[in-house]
2 protein chains.
Amino acid sequence: MTDRKKKILGVALKLFANDGFNGTSTKKIAKEANVSEGLIFRHFGNKKGLLNALVQQAAERTSVLVAPILKEAHPKIVIQKTIELPFTITENEYSFWKLQFKLKWENDYKSNEKMKPLLDHLSWAFSALRYPEPEKEAVILNYIVESIAIGILRDGTQSHESLKTFLIEKYKTLLL
Amino acid sequence: MTDRKKKILGVALKLFANDGFNGTSTKKIAKEANVSEGLIFRHFGNKKGLLNALVQQAAERTSVLVAPILKEAHPKIVIQKTIELPFTITENEYSFWKLQFKLKWENDYKSNEKMKPLLDHLSWAFSALRYPEPEKEAVILNYIVESIAIGILRDGTQSHESLKTFLIEKYKTLLL
DNA sequence: CATAAAAGTGAGTAATCACTTGCTAATATA
DNA sequence: TATATTAGCAAGTGATTACTCACTTTTATG
C-alpha cells in the first residue's frame, strides 16, 4: 500500500468518524490528505469503496483485539479481560471506534456478528462458573462493556477508570 | 401547529432516523410529505431548524417518559421501572428513538444531560438500599438500560423480553 | 365584509456533490 | 534499457444540494 493511499484512509477515517459519511465530501478528504481528488477514485473506485476499505481494516483490527480473550481458558480471566477491553482504547484509536459505533446505525453496515465469538466465549465462562443463566449474563456484560466504550469515546478514559475496578470486584465477589 | 407542518415533522423524523440528516434531502422530505419544498423553509427557516424542532419534541417526550420514575418514592420500584423503561418502546416510536441515539454521535447534539435526573434518582435508590457504591451502580444500570434500548431498536422487543425478568430478578435478589 | 397576516406553491439559483477524462510521472518487470 | 503497469494530477461534467423569491390561497381579526 502506497503512502498516499494510507494517508487517504487515515484522513477519511477521521472525517467519517467526526462528520459522518454523508457529511464528508471527497473534495475535503483530498484537500486534507494533500492529494488530488481523482486519486481517491483511482484507489477506491468510489466513495463507498473508500468506506468499505475502512470497514475491512476495522474488522481485522477488532479480531486482533478480541483474540487473546478467546484464547483464554480461565473463565474468571475471560470476564476480567472483557471488562478491561474498553479501557485499552488509546486516544489515537478514538476515530476508529467512533466510526465503528456510528456505522452500527447505518442499514448497510449493521454486522453485529463481529462480537459473536466473544459473546459465546463469555457464555462459556459464566457457565463454567455455574451461573444459572450464563447466556443472559454474557449479553448483559457485553452490553455494559459496549456502553463503557461509548462513554469513554465521549468523555475520555479517566472518567470511567473507577468503573473498571468496581466491575471487576463486583464480578469477582459474585463468583463462589 | 398546522397539519402540513406536523406532516413535515413526521416525515423528517422517519427519514432522518433511517438515512441520517446529511443523507436526507429537503426535496425528498417535501415529496414524501406531499408538500412544496419551500414550505419546509417557511416553517423551519432552514434544514437544521427542522432538525432542531425534532430535537425539542424529543426532549419533551423523554421527560414525560421519565417523569413517573422520578416521582417514585420506593427505591426497589425505581429500579424495576428503570429496567422496564426500554421495553415500553412501541414500534411507532422506533424512528424517534433511533434518531435520538444517532444524534448522540453528532458533535452538535451530544446533550447527555437529559438523563441526568434519572441517573441521580437511581443513585438515591441504590443508596437507600444500602448498596456500597450507589453512584456506580446507577451508572451501570443506566448503561444496561441504554444498551437494551439499542438492542430492541435493532432486533425488536420480543428478542429481549426474557432479559427484562432476568434483570428484575437479579436486582431483586441482590437487595437484602 | 375588508384587510392583514399566515400558509402554501413552484420555478428558479449558485454552490457543491461524486465522479470522469486525458494526461504525465513514477515504478516495476522482461 | 525498453516497455508496460501503476500512481498521480488538473480540469472538467452533469446531477443534486439547500435555499430564495415572487406569487397565490387560505385563515384570522377588527
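Note that these values count all heavy atoms, side chains included, but never hydrogens, waters or copies made by symmetry.
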Looking at A:H43, I'd like to know whether one of its side-chain N or O atoms comes within less than 4.0 Å of OP1 or OP2 on D:dG8. yes
Value in whole Å for how far the [atom2] atom of [N] lies from [atom1] of [X]:
| X | N | atom1 | atom2 | result |
| --- | --- | --- | --- | --- |
| A:F44 | C:dA18 | CZ | P | 15 Å |
| A:K48 | C:dC17 | NZ | C1' | 15 Å |
| A:I40 | D:dG8 | CD1 | P | 12 Å |
| A:K47 | C:dA18 | NZ | P | 4 Å |

Pair B:E37 + B:K31: basic N to acidic O under 4.0 Å: no
Do the side chains of B:K14 and B:E32 get close enough for a salt bridge, i.e. N-O under 4.0 angstrom? yes
Residue pair B:K5 / B:L39, side-chain heavy-atom distance below 4.5 Å: no
State, yes or no, whether a side-chain contact exists between B:F87 and B:I148 at a heavy-atom distance under 4.5 Å. yes
Would you tabulate the pairs of protein nitrogen or oxygen atoms and nucleotide nitrogen or oxygen atoms of nucleotides 20-29 of chain D closer than 3.5 angstrom?
none

Check DNA chain C against residues 6-34 of chain B and give the residues with a non-hydrogen atom under 4.0 Å, in numerical order. none
Look at the side chain of A:S36 and decide which nucleotide, out of C:dT9, C:dA7, D:dA10, has an atom nearest to it. D:dA10
I want to verify a distance call: between C:dC19, D:dG8, C:dT9, whose nearest atom is closest to the A:T2 side chain? D:dG8
Linking I/L/V/M/F/W/Y whenever any side-chain heavy atoms sit under 4.5 Å apart, do B:L65 and B:F96 land together? yes
For A:E169, all residues meeting side chain to side chain donor-acceptor pair (under 3.5 Å), sequence neighbours excluded: none
Compile the donor-acceptor pairs under 3.5 Å between side chains in residues 119-128 of chain B and protein atoms, sequence neighbours left out, one pair per line.
residue, atom, partner, partner atom, Å
B:H121, NE2, B:I69, O, 3.3
B:H121, NE2, B:L70, O, 3.4
B:H121, NE2, B:E72, O, 2.8
B:S123, OG, B:L119, O, 3.2

Have A:N52 and A:Y109 got a donor and an acceptor in their side chains that come within less than 3.5 Å? yes
Pairs: protein N or O with nucleotides 25-28 of chain C N or O, under 3.5 Å:
none

Not counting sequence neighbours, list each pair that qualifies as a salt bridge (charged side-chain N to carboxylate O under 4.0 Å, His left out) and has a residue in residues 140-161 of chain B. B:K104-B:E146, B:E161-B:K164
Does B:F41 have B:K47 sitting over its ring (NZ/CZ under 6.0 Å from centre, angle to axis within 45°)? no
Determine, for B:F21 and B:K102, whether the Lys NZ or Arg CZ falls below 6.0 Å from the six-membered ring centre while staying within 45 degrees of the axis. no
